[in-house]
Amino acid sequence: MTDTEMRDDLQNIQLNNDTIDEGLYSRQLFVLGVDAMKAMSQSDVLIVGMRGLGVEIAKNICLAGVKSVTIYDPEPVSMTDLSSQFYFDDSDVGKPRDQVALPKLAELNQYVPVKLLESPKTPGNPESWSRDLVKPFKVVVLTEASLNKQLEVNDYCHENGIGFIAADTRGLFGSVFNDFGSEFKCIDPTGEPAITGMIAEIEKDKEGLVTCLDDTRHGLEDGDYVTFSEIKGMEELNGCEPRKVSVKGPYTFTIGDTSSFSQYTSGGVFTQVKQPKIIPFKSLRESQKQPEVLLDLAKFDRPPTLHAGFQALSAFREQRGEFPRPRNDEDAQEVVKLAKATTTEELDEGVLKELAYQARGDLAPVNAVIGGFTAQEVLKGCSGKFSPLFQHLYFDSLESLPDVLPTEADVQPLNSRYDAQIAVFGRSFQEKIANARQFLVGSGAIGCEMLKNWSMMGLGSGPEGKIHVTDLDTIEKSNLNRQFLFRAKDLGKFKAEVAAEAVANMNKDLRGKIQSYQERVSPETEELYGETFFNSLTGVTNALDNVAARQYVDRRCVFYRKPLLESGTLGTKANTQVVYPDLTESYSSSQDPPEKEIPSCTVKNFPNAIEHTIQWARENFDALFVKPPTNVNMYLSQPNYLETIKTSGQQRPQLEELLDSLTTSRPISFDECIIWARYKFEENYNHSIQQLLYSLPKDTLTSSGAPFWSGPKRAPDAISFDSNNPLHMEYIVAAANLHAFNYGLKGDIDGDRYKKVAEEAIVQEFKPKSGVKVQTNENEPAPQEESHDDDALVVKNITKDLPEPSTLAGFRLTPVEFEKDDDSNHHIDFITAASNLRATNYGITPAERLKTKQIAGKIIPAIATTTSVAVGLVCLELFKIIDEKKDIEKYNNSFVNLALPFFGFSDPIAPPKQKYGDTEWTLWDRFDITGNPTLQELKDYFTNNHKLDVGMVSQGTSMLYSFFLPPKKAQERLGMRFSELVESVSKKPVPAWQKSLLVEVMVTDENDEDVDVPFVVVHL
């Protein structure tokens, strides 16, 4: 077997005879898992209706990777469709919707064929297709369908075990109905990782009380099931059938009768076992009478009104052949009457009228929310993964309406692509949208969706409008699964550039209105993204994937007083946040707690979970393939390198490593790389383990007389190399190739060669070292490299033996740059093998390559459906920002978990208030001082205007003034103009482009008390 074949076997996941493309689906696999992907890859899906909502659902399902997607909508494209159908343009008007959409959807995923549903068509009656055409499909989705058609098709689906979903949007309203049959099997209701924990005690009695280690909450709930492993003394529990849990406390739970078992001695791990859940769905006909509704607690009384309202809209269309006219009171009153006829419950007439007013509306953000949600429900129906909607969802964002509502005259169509948006907001507000000037920071998954929605909204398309988008990244294969503006032909190109061009093609009104950048928004680019730039904006939207960048953009928005829209996703979870000047706190006002770090002693000597061994392997990767070649290159290129490491405290080991890299470990053939890998195997998985057990034998006792190797400390066992063990050879292959890469040697040779050379390698026997200190807990100081009397002599001899840089002219090593997404580079192969070998040492269950890749690469799980929902919610807040709403209760922060499913909305938090004297202030306030004043004028301003005495002034890292300066120097600085003073102290000129300076002051009040005040902006 060749090296390439061995690597391919490792990195491919087989599903029957099909292969999941891990490079494409990796982020999604982290969310759904292999089993769900397998079920999806065997599922055919039908989507009826190809307007904005239908195409949003289809787009997300194609990206997800089902077996096939079939679409049906023979109706001709109209100008109104262009308000939200991102695959239509004006040249498509009059053509069948499904035929226009098909080739664009087919481009999304090479593994998902997209087909047209073949059906005889009755002219003028798009619902004439026969319901038995749905028979071949796993899940059927109806959009834009009448209630009668929904009932007809659902009856057939319910009887024949076919998943059924009906979804609809009307302006700012949306609805979804699910029916997956009378006995739907949900295999994993939450999608959360199975809980595991270490055991301290199991009582032998009728209840079977299990106690976990003192510092670890078990996290289980009543009714959970667990299995056990690695128990000593009560071995009957190891590998037994799952046992039901009854929680007794945060560290204890019972598992039932253990009285017949042997006495528990020590150790053990429990693992939660997910139990399938059978869900009995009602048919639509039955559910219409007593609907089960997913509640939004902020609008818990609204579902009955919308349940009746959507039925009334369908009845209205049946009677009139069309939906109610926008803002027409006569039509709205008829809808109210029809709604009341469906129920005896009390309904909100105002909401019903608004639903009727907006019935012809079609908004891209609402389609994104409902389309992303519905697509995830389709995937649940295909895979059984996550809890499906049970059974109705009603959604609205009436808060997004302008404070000044449009009149009936203002919502009349213009025969433009925005008519369906004008039907909701009116022409006047559409002009505001068109003249908005937004800055999008990031054009990855969230950024692509954001730009698509903005394009449909016509954001920035007006004479004063503009969209700026920046992203320094280029397009990679793994992006294609959820960053839907990109195609395989775009690999390697800049994301912002490709995304801007794609959405300008979606809406030609944006041509010349989108400017893309490849520069990061950071302190180094403030000349580009400076005062002139930010002052030109109406708002900023983040589409970033790291907290530090978000916080920097947040600070700039606070400084320039610009609204900021924030969002983020993690698998099926999403959150959005509105930051609005004077109304809300900023993004940086609250932070998540830092991730708990694994103690270094645990990683180095006492791992008990696979995460520990993966971190060890990741650090070992750097220690072998990054740091040594980097140090060699520094030695060869920096004349004073040996002098600089004298003061490092690690002179001897650094010199030993340097000499080894240039002599002993320097290969001249690839066979020597294999031998080197074999030596590293022996060193890391045999000798180091034997040394640890020599220093701390398995029978070691603590000072209290308890066994040292107990609880979280697992006693390891050394591994003897076996060339017939695939894991051992995976390590040899990966390590040899990476070592060869460092030295510029070609490593792709016949796989049998690895085995032969590794077997023939002569490996030294282990010789224990006495006196080696081991850090046994995180409170102990890490043992330092012991200094020996002969250190100076050893250092002198190593220095003498080092080859002179002049003798290695032109010689350089190539450090490895860790790249998690290139499956041909051996990086993840090495870390997986290294981690699993160490897991074998310590009796830890090894991890598959995919899990290792996620943890080692710190990959954020992501799916397209969650992104669509999050971005739709952000854009609904953008409507409010464009309207400049000043009521904080009109804005929504949100948290969504599509796995449950769950929608949670809350008002943004107001900014905390502080006070000096009688003046209250928040983070949005500042002192604006113009005219490049002297420092004395700045002090006088605070004394005269605010009765505050300035004791210290700083700008950036420069202390400009303090009360303890020598009088002469203080007097000199007080007379200087501000820009002159900054240049004098910082020893750097103020850039010509910089028009203002952010200044911090420390002040005292009239009582000589220190008080906090806003920052100062000095305008030059």
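Predicted model only: the values in this text are computed from it and were never measured.
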Taking [X] for its side chain and [Y] for its backbone only, find out whether a donor-acceptor pair lies under 3.5 Å.
X    : Y    : result
H612 : N608 : yes
N737 : V733 : yes
S835 : A847 : no
Q391 : K282 : yes
W709 : L701 : no

Side-chain heavy atoms of [X] within contact of [Y], under 4.5 Å:
X    : Y    : value
Q376 : P901 : no
T569 : K573 : no
N836 : I610 : yes
K232 : S266 : yes
V226 : V273 : no
I828 : D823 : no
L727 : T840 : yes
N825 : E819 : yes

Using the rule given for salt bridge (Lys or Arg N to Asp or Glu O under 4.0 Å), can you reason through D257 versus R243, listing the C-alpha separation, both sets of side-chain angles and the distance that settles it, and then say yes or no? CA-CA 10 Å; D257 192 352; R243 296 182 72 114; over 6 Å; no
Please walk me through it: do F830 and F818 pass ring pair (Phe, Tyr, Trp, His ring centres under 6.0 Å)? CA-CA 11 Å; F830 173 83; F818 177 62; over 10 Å; no
Over all heavy atoms of both residues, which pair between [X] and [Y] is shortest? Give the atoms and the distance, please.
X    : Y    : value
F261 : E236 : CA-OE2, 3.6 Å
A758 : I732 : CB-CG2, 4.5 Å
A677 : A736 : CB-N, 3.8 Å
F228 : I231 : CB-CD1, 3.5 Å

Would you sort out whether W616 and N684 count as a side-chain contact (heavy atoms from CB on, under 4.5 Å), showing the intermediate values? CA-CA 11 Å; W616 179 91; N684 287 316; 4.1 Å; yes
Determine, for [X] against [Y], whether the closest basic-nitrogen to carboxylate-oxygen distance falls under 4.0 angstrom.
X    : Y    : answer
R714 : E230 : yes
D821 : K853 : yes
D752 : K756 : no
K274 : D188 : yes

Please report the C-alpha distance between E780 and T776 in whole Å, then the side-chain angles of each, then the deciding distance to 0.1 Å, and finally whether the side chain to side chain donor-acceptor pair (under 3.5 Å) criterion is met. CA-CA 7 Å; E780 289 182 3; T776 59; 2.8 Å; yes
Mark yes when over 12 heavy atoms from residues, nucleotides or ligands other than K713 sit less than 6.0 Å from its NZ; otherwise mark no.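 More than 12 heavy atoms, drawn from other residues, nucleotides or ligands, come within 6.0 Å of this atom.
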Step by step, would you call H728 with F681 a ring pair (Phe, Tyr, Trp, His ring centres under 6.0 Å)? CA-CA 8 Å; H728 297 194; F681 181 101; 5.0 Å; yes
Name the one of F766, Y679, Y731 that satisfies ring pair (Phe, Tyr, Trp, His ring centres under 6.0 Å) with Y685? Y731
Can you check salt bridge (Lys or Arg N to Asp or Glu O under 4.0 Å) on R849 and D829, steps first, answer last? CA-CA 7 Å; R849 186 181 188 278; D829 295 341; 2.9 Å; yes
Would E377 and N178 count as a side chain to side chain donor-acceptor pair (under 3.5 Å) here? Give the steps. CA-CA 8 Å; E377 294 303 305; N178 257 17; 2.7 Å; yes
For this output row, return yes or no: ring centroids of H218 and Y251 closer than 6.0 angstrom. no
Could you walk me through whether D205 and S259 pass the side chain to side chain donor-acceptor pair (under 3.5 Å) test, one step at a time? CA-CA 4 Å; D205 57 21; S259 58; over 6 Å; no
Evaluate the ring planes of F184 and F281, with Trp represented by its six-membered ring, and classify them as parallel (under 30°), tilted (30 to 60°) or perpendicular (over 60°). perpendicular
Hey, mind stepping through H827 and F621 against ring pair (Phe, Tyr, Trp, His ring centres under 6.0 Å) and telling me if it holds? CA-CA 8 Å; H827 298 186; F621 178 93; 5.3 Å; yes
Given side chain to side chain donor-acceptor pair (under 3.5 Å), test K680 with N620 step by step and report yes or no. CA-CA 11 Å; K680 290 301 173 187; N620 189 239; over 6 Å; no
